[in-house]
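In this chain, numbering begins with 1 at the start of the sequence shown.
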Amino acid sequence: MMRSMFTGVSGLRVHQTRMDVIANNVANVNTVGYKTARATFRDAFYQNLSGATSANPDVGRTGVNPQQIGLGLSMGSIDNIMTQGASQRTDFGMDIMIQNDGLFIVSDSSGTFFTRAGNVNKDARGNLGINGMQLMGWDVFENEDTGRWEVNRSNLVPLSMSGAKANMPSEPTTFVELSGNLNIRDLVNVIRYVETDPEVAADPTLLNQVKRGDIMRTMTIFDSLGHSYVIDVRFTYHNTPGANNYWTFEFIGEEVFNDATPPVSEGFVVHAWLDGTRSTAANPVVPAQLRIHAGMLIHGTPDGTGLADSPQGATNVIAANMRPTGTLAFDSMGNLLGKGPATQATGTGTNLRPEPVRMEPIPTGTQTWADQGWQVNSGNDFTMHIVPIRGTNPRATFGDAGGAVIEYAAPGAGHVPGGTAPVIRTPVGSMTFSMAEFFNRGGMNTNAGFEPINGNPPGTLRDISIGRDGTVTGMFTNGRLRVLGQIPVAMFSNPAGLQRMGSNLWAVTANSGTFDGIGEIGDIQSGALEMSNVDLAQEFTDMIVTQRGFQASSRLISVSDEMIQELVNLKR
């Protein structure tokens with residue numbers, strides 16, 4: 001009887017423990033990222049009254065099972081059920097949840113902890129945190145080769161959106177890409193062979209064929225102070241009888257003259273519309289003026305006057321003979337074959353006369369097409385040298401300045417490379433201009449466009465978004481995006497072995513597996529939170545079963561107590 005009372009007491013205690021686990025699960029049914037716990041029982045030790053015996057055919061006896069009296073039960077385990085909880089959509093970009101395995105990494109002065117809760121917040125200093133703990137992640141660095149911000153996945157740091165991450169300084173454009181298609185059916189300002197031309201004899205077979213036509217595009221670049229400049233570029237198609245068809249490009253502007261008598265040309269300048277504001281009758285605007293020299297392309301006359309003779313920087317150049325133009329050759333598949341020089345007629349320079357494309361053997365056996373100014377199969381990149389003339393901030397530079405200068409011969413000096421005429425040294429910035437994805441195909445509409453790969457006005461951080469791989473992207477007031485960090489997840493070989501620390505936190509134990517201190521790229525969904533994985537129906541079922549067990553154990557104590565009382569009464 002005393003034994004049965006002891007057994008009943010142990011049942012009460014263990015069932016009460018299980019009820020505590022159930023109560024905690026039910027209480028946390030709405031806790032973000034909570035993982036349900038499950039209490040399991042095991043029977044306790046036994047008193048052996050007799051052991052088992054085997055059958056004995058010699059004396060006709062059967063086997064006898066052991067006789068044992070159990071002495072109650074004990075707690076077997078309290079298991080952490082780490083299955084994923086339901087997703088609750090919030091549409092708030094800083095709410096995130098982990099799909100499948102992993103935990104977010106947080107820390108404070110007491111150490112590093114882990115959580116499935118993804119209610120990320122940003123404090124007044126720009127620090128990212130979860131429930132007051134610093135959110136740990138991978139920081140970013142600026143790649144000096146590409147100029148892009150990249151993630152450093154070698155160590156964990158507290159993620160913060162302050163300092164340099166909260167402000168984007170102005171950046172000059174140093175790389176522009178021209179990509180897309182030119183199609184002759186979209187030409188405007190078309191000149192056709194419909195009558196006798198001074199340059200071409202009358203030929204009825206040429207009627208209604210295109211002689212020349214234009215396609216206009218714009219290019220936006222930024223100076224070092226963050227001002228934008230819109231430049232118009234004209235692509236002109238040429239179809240000359242007896243020669244290959246070809247295109248030329250030209251940056252639109254005008255030739256300027258000084259106040260001398262008679263006026264002397266100061267060279268061709270490109271119109272750059274500051275912040276995209278163009279001149280209208282109601283709002284007359286004088287565009288900023290830039291002198292652009294297109295790197296390896298030859299401008300001027302073949303005898304060397306006005307020759308740009310260096311791919312690193314055009315030295316000894318007569319500004320009056322410079323014009324930012326070039327010739328483009330496409331192969332039979334519409335792919336860009338090469339870029340070549342364009343000559344300029346004498347006079348004011350307003351009448352462009354490009355040389356036809358010639359891809360036959362070079363004129364002499366001692367020269368190459370590169371000597372003639374061509375870039376054939378060269379990666380289709382060239383360098384533009386930009387010099388601000390007027391209408392720009394005197395402190396602003398364009399492109400990659402780097403302290404470079406360009407030497408211009410004095411106007412009218414007739415200077416040639418290697419001569420002794422006076423020169424003018426002017427600061428110059430360089431800009432890479434790529435046409436690698438530029439083509440000429442008839443089956444596509446014209447969609448060619450200029451895309452500045454870099455360059456921007458200054459801006460401040462306006463908002464952040466978190467991508468599927470945990471990448472934190474900042475959205476700035478200047479309309480630009482920048483990678484600001486990445487949120488990794490911690491993986492454990494046995495996440496159920498982690499220890500609960502309260503406040504939705506878990507800590508490493510000897511049975512959870514180790515944390516490598518770096519983390520891995522996880523599968524993260526933003527705009528949603530992971531809720532608890534508590535199954536209320538199951539909890540209520542377990543609660544009823546536990547209640548019945550508790551009642552039975554308490555009844556066992558009552559009956560045992562009455563039997564003891566009867567035993568005592570017998571003595572009386």
Side-chain angles (χ1 to χ4, degrees), residues 172-178 214-225 227-236 247-258 265-279 285-300 306 308 313-314 317-328 339 341-345 348-352 354 382-394 396-401 404 406 408 411 424 426-435 448-452 455:
T173 302
T174 60
F175 191 93
V176 176
E177 182 180 67
L178 172 60
D214 303 328
I215 292 178
M216 297 294 295
R217 285 293 182 264
T218 61
M219 177 178 70
T220 301
I221 61 174
F222 294 88
D223 66 15
S224 59
L225 297 180
H227 296 294
S228 66
Y229 298 84
V230 176
I231 298 173
D232 296 312
V233 184
R234 176 191 293 124
F235 292 91
T236 304
W247 291 79
T248 58
F249 67 91
E250 176 185 15
F251 295 89
I252 303 302
E254 62 181 334
E255 189 168 14
V256 295
F257 298 86
N258 61 19
S265 172
E266 294 183 349
F268 187 88
V269 297
V270 172
H271 290 165
W273 301 100
L274 179 61
D275 298 325
T277 304
R278 295 178 179 270
S279 180
V285 175
V286 177
Q289 296 178 348
L290 307 176
R291 182 170 288 131
I292 297 180
H293 165 59
M296 289 285 288
L297 304 184
I298 294 178
H299 302 274
V317 175
I318 294 182
N321 288 336
M322 289 180 58
R323 191 182 183 102
T325 63
T327 304
L328 305 172
K339 304 176 296 294
T343 59
Q344 176 189 348
T348 63
T350 57
N351 189 13
L352 183 66
F382 65 90
T383 301
M384 291 173 19
H385 300 284
I386 303 179
V387 181
I389 304 302
R390 58 175 63 92
T392 63
N393 190 298
T397 60
F398 289 81
D400 186 4
I406 190 170
Y408 293 111
I424 302 172
T426 306
V428 59
S430 61
M431 183 182 302
T432 301
F433 192 94
S434 174
M435 293 183 175
F450 294 88
E451 179 65 27

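- Residues that satisfy the salt bridge (charged side-chain N to carboxylate O under 4.0 Å, His left out) test with D275, not counting sequence neighbours, are absent from this structure.
- Partners of P287 by side chain to side chain contact (heavy atoms under 4.5 Å, CB included), not counting sequence neighbours, listed by chain and number: H271, W273.
- Residues E254 and V269 form a side-chain contact, since some pair of their non-hydrogen atoms from C-beta on lies under 4.5 Å apart.
- Of the possible polar contacts, none joining the T218 side chain to the V230 backbone as a donor-acceptor pair under 3.5 Å is found.
- Remark: T392 pairs with Y229, A288, L290, P388, F398 by the side chain to side chain contact (heavy atoms under 4.5 Å, CB included) rule, at least two apart or across chains.
- The side chain to side chain donor-acceptor pair (under 3.5 Å) search around T174 returns N454, not counting sequence neighbours.
- Shown here for T236 and D214, the closest heavy-atom pair between the two residues is OG1-OD1, 3.0 Å.
- In terms of heavy atoms, D223 sits closest to A396 at OD2-CB, 3.4 Å.
- Residue E451 holds its CD atom at 9.5 Å from OG1 of T220, rounded to the nearest 0.5 Å.
- Taking the side chain as every heavy atom from C-beta outward, D232 and R278 approach each other to under 4.5 Å.
- F222 pairs by the ring-ring contact (aromatic ring centres under 6.0 Å, His included) definition with nothing, not counting sequence neighbours.
- Residues forming a side chain to side chain contact (heavy atoms under 4.5 Å, CB included) with L178 (at least two apart in sequence, or on another chain): F235, F433, M435, F438, A448, F450.
- Between F251 and M219 the shortest heavy-atom distance is CE2-CE, 3.5 Å.
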